[in-house]
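From a predicted model like this one, the values you see are computed outputs, not experimental measurements. Residue numbers start from 1 in every chain, and the chains themselves are labelled A, B, ... in the order their sequence lines are given, proteins ahead of strands.
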2 protein chains.
Amino acid sequence: MDSIGFAKAMADETRQKIMQLLCCEWLCVNDIVERLGEVRQPTVSHHLSILREAELVHMRREGKQSFYSLNQDAVAVCCGMLMQDFAPEKLALDIGG
Amino acid sequence: MDSIGFAKAMADETRQKIMQLLCCEWLCVNDIVERLGEVRQPTVSHHLSILREAELVHMRREGKQSFYSLNQDAVAVCCGMLMQDFAPEKLALDIGG
DNA sequence: CCGACATATAGATATATATCAATATAAAAA
DNA sequence: TTTTTATATTGATATATATCTATATGTCGG
């Protein structure tokens, strides 16, 4: 995952809403569709595939359902990458004192 | 600055290159154009206006030139925001232990 | 004021992306 | 096997975005 892929994956409101939903629990696609309320299932599936590609979500199949949850580790790593690339002095402050 | 505005501002390769150039020094627009090499001046101006809008760069006029530099504080704040929103457990680890 | 230079803006165009309806795929139930 | 349910994929379309050329704006020197 590079910083551009991460930024692109995050650069959409619907995707961020989905990520919020998945932040601290596993949800199946239909649950996500219902909680979003205004977005159709294929659209949600599309966003999930982008988040999967970016490895920002975990996925687990269970029968006919797919469960997703947020990959917080990946988010943390990517944020750290952005900090290193674009706020190195702030990072130095954190480490040094 | 919200997390979507930040992600959108970061979600372009040319913009990230510009941010790299401005990371640790002030450059005028023409210097940026020359260092990028393959991008025309109006395109660079356009990207700079997006970065300005997102408050990710500082700007200073000097005669006919405009100098830009990266706002590392803003980057750090936005990365922190992403962490809080999308990796709260990782953040808790950092704080708690 | 006029010309030269630096940057910004306008307008046009091509590409990327988000969304939906329709359909395919896969798994469980009848 | 047929039907039902859950998710993924396809194809179409509208919007957003990146880029360019041409031009406007703003600043300095003569």
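- The two residues Gln16(A) and Ala7(B) come nearest to each other via the heavy atoms NE2-CB, 4.3 Å.
- Judged by distance alone, with hydrogens and angles left aside, the side-chain atoms of Arg15(A) form a donor-acceptor pair with the main-chain N or O of Ala9(A) at under 3.5 Å.
- Between the Gln65(B) side chain and the Val29(B) main chain, no donor and acceptor come within less than 3.5 Å of each other.
- A salt bridge (charged side-chain N to carboxylate O under 4.0 Å, His left out) check over residues 40-59 of chain B, counting only residues at least two apart or in different chains, returns nothing.
- When all heavy atoms of Ser69(B) and Glu25(B) are compared, the closest pair comes out as CB-O, 3.8 Å.
- Residues of residues 55-70 of chain B that place a heavy atom closer than 4.0 Å to DNA chain C, in numerical order, are Met59(B), Lys64(B), Gln65(B), Ser66(B), Tyr68(B).
- Of the residues in residues 35-50 of chain A, Gln41(A), Pro42(A), Ser45(A) come within less than 4.0 Å of DNA chain D through at least one heavy atom, sorted by number.
- Residues Gln20(A) and Phe86(B) approach most closely at NE2-CE2, 3.4 Å, considering heavy atoms.
- Closest approach of Val33(B) and Val44(B) over heavy atoms only: CG2-CG2, 3.8 Å.
- Annotation: side chain to side chain contact (heavy atoms under 4.5 Å, CB included) contacts of Glu62(B) (sequence neighbours excluded): Arg60(B), Phe67(B).
- Within the 3.5 Å criterion, the main-chain N or O of Gln72(B) finds no donor-acceptor partner in the side chain of Glu89(A).
- A 4.0 Å heavy-atom criterion places the boundary nucleotides of DNA chain C facing chain B at dC5(C) to dT9(C), written 5' to 3'.
- Listed by residue number, Cys28(A), Val29(A), Asn30(A) are the residues of residues 24-33 of chain A with a heavy-atom contact under 4.0 Å to DNA chain D.
- Between Leu70(A) and Leu56(A), the shortest heavy-atom contact is CD1-O, 3.3 Å.
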